[in-house]
**Student:** 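Dropping the structure in here first, questions after.
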Amino acid sequence: MSEFWLAALGLVLLVEGLGPLLFPNRWRRYLLKIAAQDSASLQQLGGSLVLAGVLLLYFFLS
């Protein structure tokens, strides 16, 4: 089971690293836009991402 979680973490790191690797200037502008958002918007975005992740894990593990 730990192999699965390590593979999942590796995939997340790979996907997260593609933006700054391939498009550093666009990535920086994107982060500046995110930083300018109010806390409520960021919480909604974070909640949506967590929910999507939980649903994906549920469907892939069941």
Side-chain angles (χ1 to χ4, degrees):
M1 189 64 162
S2 65
E3 292 174 357
F4 169 79
W5 291 110
L6 287 175
L9 177 61
L11 186 58
V12 167
L13 293 173
L14 183 134
V15 170
E16 288 292 327
L18 285 176
L21 175 68
L22 300 176
F23 310 105
N25 292 328
R26 286 185 190 175
W27 188 255
R28 183 178 292 112
R29 287 193 305 264
Y30 170 72
L31 289 179
L32 289 172
K33 285 183 182 180
I34 291 291
Q37 295 294 315
D38 62 306
S39 294
S41 296
L42 291 175
Q43 284 180 318
Q44 288 177 344
L45 176 63
S48 299
L49 292 173
V50 168
L51 180 61
V54 167
L55 289 173
L56 283 172
L57 283 173
Y58 174 77
F59 287 121
F60 281 114
L61 294 178
S62 61

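If you're wondering where the values come from, they're calculated on a predicted model, not measured in any experiment. When reading the values below, keep in mind they use all heavy atoms of this one structure, side chains included, and skip hydrogens, waters and symmetry mates.
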**Student:** Which other residues end up in the same hydrophobic cluster as Leu13, if Ile, Leu, Val, Met, Phe, Trp and Tyr are linked when side-chain heavy atoms come under 4.5 Å apart?
**Tutor:**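 Joined to Leu13, directly or through intermediates: Leu9.
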**Student:** Linking Ile, Leu, Val, Met, Phe, Trp and Tyr through side-chain heavy atoms less than 4.5 Å apart, which residues share a cluster with Leu51?
**Tutor:** Leu55, Tyr58, Phe59
**Student:** Let me have the donor-acceptor pairs involving side chains of residues 26-45, under 3.5 Å, with sequence neighbours excluded, atom names and distances please.
**Tutor:**
unit_1	atom_1	unit_2	atom_2	d
Arg28	NH1	Asn25	OD1	3.3
Asp38	OD1	Ser41	OG	2.7

